[in-house]
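Please read the structure below before turning to the comments.
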Number of protein chains: 2
Amino acid sequence: MPDYIDKTPRHCIGCQCMSSMFSLLTHEELMMVDANKIHVHFKAGETIKKQGTYMSHVLSVNTGLAKLYLEGLEGHSAILRIVKPTNFIGGPGIFHDQRHHFSITALLDASVCFIDLQVFKSILQSNKAFSEEFMKDFSRDILTVYNRLIYLTQKQMPGRMADALLYLHDEIFQRLKFPMIISRFELSELSAMSRESAVKLLRDFQKEGLIRISDHELEILDLDSLRKISHIG
Amino acid sequence: MPDYIDKTPRHCIGCQCMSSMFSLLTHEELMMVDANKIHVHFKAGETIKKQGTYMSHVLSVNTGLAKLYLEGLEGHSAILRIVKPTNFIGGPGIFHDQRHHFSITALLDASVCFIDLQVFKSILQSNKAFSEEFMKDFSRDILTVYNRLIYLTQKQMPGRMADALLYLHDEIFQRLKFPMIISRFELSELSAMSRESAVKLLRDFQKEGLIRISDHELEILDLDSLRKISHIG
DNA sequence: GCACAAAAATGATAAATATCAACTTTTATC
DNA sequence: GATAAAAGTTGATATTTATCATTTTTGTGC
């Protein structure tokens with residue numbers, strides 16, 4: 001017996017959980033997607049996609065949260081972004097080599113639709129508006145990576161940690177108090193530092209009254225100061 | 001009187017210097033590109049494109065070499081890659097906001113064609129094979145950035161410098177001895193470290209007999225050791 | 001060839017960051 | 001509820017890296 005009831009409808013038609021770009025599809029195209037999709041539930045902690053594997057489908061996250069990360073050297077990972085509903089996940093493998101170039105792991109229980117890649121690509125070619133929207137989404141992802149490259153290589157640890165927290169605030173939860181869905185270790189993977197350094201910085205931020213962490217919740221107490229730390233790097 | 005004679009033909013038809021993807025165009029499409037392109041020569045050191053400016057054209061580098069870099073914080077830049085003939089340069093701005101998200105500066109005298117963005121986009125939509133090839137190129141660029149993100153954040157300086165030199169060897173010159181077209185400072189921007197650290201690492205590499213620098217030429221003496229340094233990070 | 005500017009090189013020092021070795025708390029499991 | 005496992009915490013220490021001040025070399029224009 002599952003511990004929660006999935007509200008996602010069985011079919012794509014009328015589904016409120018699909019990535020917004022799919023609203024540009026015709027009824028027929030959506031039917032085609034529907035007929036060639038697989039809908040799967042993941043428990044928190046489960047691997048949704050593993051870097052390096054064959055890309056048979058593209059993904060749309062219906063509910064839950066997940067981390068999208070590059071598996072790097074000697075077991076170290078770099079979290080590229082947190083995936084939330086109703087994000088689309090494709091990646092450069094669609095056109096390059098039909099492989100996944102990042103891994104995705106559920107942070108919370110998540111419901112994900114897997115859409116057949118060939119069907120997806122054929123719709124890309126037939127539907128101009130859809131393809132345009134897809135390219136925009138793709139491009140935004142790239143700009144995110146540009147941004148991360150700069151701030152991870154040009155800022156010091158306090159600035160990077162501030163950025164990580166501000167990312168969670170600005171992009172994921174949009175409120176000052178949010179559940180600590182990611183561990184200290186994952187926070188260190190998001191800000192390119194050691195686990196211990198991440199812990200110490202969070203402690204410092206708490207001491208200075210910038211944040212408060214309790215009961216698996218993080219509250220930003222001084223957003224301005226956090227932005228200042230991010231800014232000065 | 002120019003100090004060199006440009007071998008690039010006046011017109012795109014029959015041009016050997018255009019990015020390979022353009023060979024997929026029909027005669028008519030190529031005529032359209034030709035009628036809507038601007039051909040410009042740059043001297044070494046000149047800025048070809050400035051980050052943040054309006055993207056009216058996409059670029060194809062006919063001759064010369066250039067650096068493509070992100071302008072980051074407080075005047076610091078991160079060189080993403082060296083552009084060589086006959087590379088195509090588009091970028092996420094094509095679909096996102098019609099702006100350039102990186103700067104490009106000529107390292108050697110360079111001849112560059114600027115192709116009208118709207119014409120380019122319309123051909124993207126009409127020519128399936130061309131669009132497929134463009135997407136492949138686009139995707140390769142992204143994988144390069146993924147790769148750089150990992151190695152710049154997870155390797156130490158010696159590994160990063162080794163990677164920079166191996167990049168020049170493997171991707172740009174494909175031979176052990178090549179002209180030092182980029183300064184120590186630019187080498188430091190390619191490997192995310194301070195100018196002084198770059199200088200010292202090159203000295204160390206020379207002392208250890210891995211490389212030799214003289215007369216504006218760099219020669220890799222021990223490729224295997226360099227790869228080992230890159231590997232151990 | 002000389003004057004000047006830019007780039008490169010150097011060593012000393014300071015700052016940033018990781019690592020290590022404990023230890024504590026929390027979470028999961030039977 | 002006992003126990004193990006995982007996550008979090010801490011301070012000491014070592015390592016990595018940047019910065020600074022200065023010198024040397026190289027390139028450029030006259």
Side-chain angles (χ1 to χ4, degrees), chain A residues 3 43-46 67 72-78 105 107-109 151-164 179-207 211-218 229 232-233, chain B residues 3 43-45 67 72-78 105 107-108 151-164 179-207 211-218 229 232-233:
Chain A
D3 56 357
K43 297 253 174 217
E46 286 183 330
K67 58 174 176 174
L73 313 167
E74 302 162 43
H76 290 272
S77 293
T105 297
L107 293 170
L108 301 175
D109 288 0
Y151 96 62
L152 292 181
T153 58
Q154 298 187 352
K155 285 185 186 183
Q156 303 190 168
M157 291 199 305
R160 302 207 298 273
M161 180 54 75
D163 277 338
M180 271 299 272
I181 44 148
I182 65 177
S183 67
R184 306 294 196 269
F185 181 63
E186 287 167 325
L187 215 43
S188 80
E189 290 183 326
L190 193 56
S191 48
M193 63 184 69
S194 71
R195 181 172 45 96
E196 291 94 329
S197 292
V199 167
K200 286 167 191 174
L201 276 166
L202 287 179
R203 178 187 56 183
D204 293 348
F205 282 3
Q206 286 197 80
K207 271 187 192 159
I211 59 172
R212 177 170 50 208
I213 305 178
S214 59
D215 301 320
H216 307 277
E217 285 203 318
L218 188 145
I229 290 172
I232 61 175
Chain B
D3 56 355
K43 296 253 174 218
K67 59 174 174 175
L73 312 167
E74 302 162 44
H76 290 271
S77 292
T105 297
L107 293 171
L108 301 175
Y151 97 63
L152 292 180
T153 58
Q154 300 188 352
K155 285 186 187 184
Q156 303 191 166
M157 292 201 302
R160 302 208 297 273
M161 179 56 74
D163 278 338
M180 269 300 273
I181 44 147
I182 66 176
S183 67
R184 306 293 196 269
F185 181 64
E186 287 166 326
L187 215 42
S188 80
E189 289 183 326
L190 192 58
S191 48
M193 63 183 70
S194 72
R195 182 171 43 92
E196 292 95 327
S197 292
V199 168
K200 286 167 192 174
L201 276 167
L202 287 179
R203 178 187 57 182
D204 293 347
F205 282 4
Q206 286 197 80
K207 271 187 193 158
I211 59 172
R212 178 169 51 208
I213 305 177
S214 57
D215 302 320
H216 307 277
E217 284 203 318
L218 188 146
I229 290 171
I232 63 176

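Here is the naming used below: chain letters follow the sequence lines, and residue numbers restart at 1 for every chain.
- Protein atom CZ of B:Phe205 is 14 Å distant from nucleotide atom P of C:dA9, rounded to whole Å.
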Exercise for review: For each nucleotide in nucleotides 20-30 of chain D, reading 5' to 3', give B when a protein heavy atom comes within less than 4.0 Å of its base, S when such contact involves only the sugar-phosphate, and - otherwise.
Suggested key: B------S---
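- Contact between the side-chain N/O atoms of A:Ser197 and the OP1/OP2 oxygens of C:dT17 is not found at any separation under 4.0 Å.
- Inter-residue side-chain proximity for B:Leu201 and B:Leu187 is flagged as unmet; no heavy-atom pair is nearer than 4.5 Å.
- In this structure, NZ on A:Lys200 lies 14.0 Å from CZ on A:Arg184, to the nearest 0.5 angstrom.
- Residues A:Phe185 and A:Arg195 share a closest heavy-atom pair of CD1-CD, 3.8 Å.
- When the P atom of C:dA7 is taken as reference, atom CG of B:Leu202 falls 16 Å away, rounded to whole Å.
- Note on A:Arg195: a base of the nucleic acid sits closer than 4.0 angstrom, heavy atoms only.
- Remark: P of C:dT25 and CG of A:Asp215 are 16 Å apart, rounded to the nearest angstrom.
- For the residue pair B:Leu152 and B:Ala192, the shortest heavy atom distance occurs at CD2-CB, 3.8 Å.
- Rounded to whole Å, atom P of C:dA18 lies 12 Å from atom CD of B:Gln154.
- Dashed line: the shortest gap from a side-chain N or O of B:Arg184 to OP1 or OP2 of C:dA6 is not under 4.0 Å.
- Mapping B:Gln156 and B:Ile182 onto DNA chain C by nearest heavy atom places B:Ile182 closer to the 5' end of the strand.
- Across all their heavy atoms, B:Lys67 and B:Glu186 have their closest contact at NZ-OE2, 2.9 Å.
- Rounded to a whole Å, the CG atom of A:Leu201 is 15 Å from the C1' atom of D:dG8.
- A pairwise comparison of heavy atoms in A:Gln154 and B:Ala78 identifies NE2-N, 4.0 Å as the closest pair.
- Atom CD of B:Glu186 is separated from atom P of C:dA7 by 9 Å (rounded to the nearest Å).
- Distance, B:Gln206 CD to C:dA8 C1': 12 Å, rounded to whole Å.
- End-to-end axis angle of the helix from C:dG1-D:dC30 to C:dC30-D:dG1, from C1' rotation axes over five pairs per end: 50° (rounded to 10 degrees).
- Within the structure, every side-chain polar atom (N or O) of B:Ser194 is placed at least 4.0 Å from both OP1 and OP2 of D:dT17.
- Rounded to whole Å, atom P of C:dT27 lies 19 Å from atom CZ of A:Phe185.
- Of all non-hydrogen atoms in B:Ile229 and B:Ala162, the two that sit nearest each other are CG2-CB, 3.8 Å.
- A:Ala44 approaches A:Asp109 most closely through the heavy-atom pair N-OD1, 2.9 Å.
- To the nearest 0.5 Å, atoms CD (A:Glu217) and CD1 (A:Ile211) are separated by 13.0 Å.
- For A:Met193, the listed nucleotide lying nearest its side chain is C:dA18; candidates were C:dA18, D:dA18, C:dT17.
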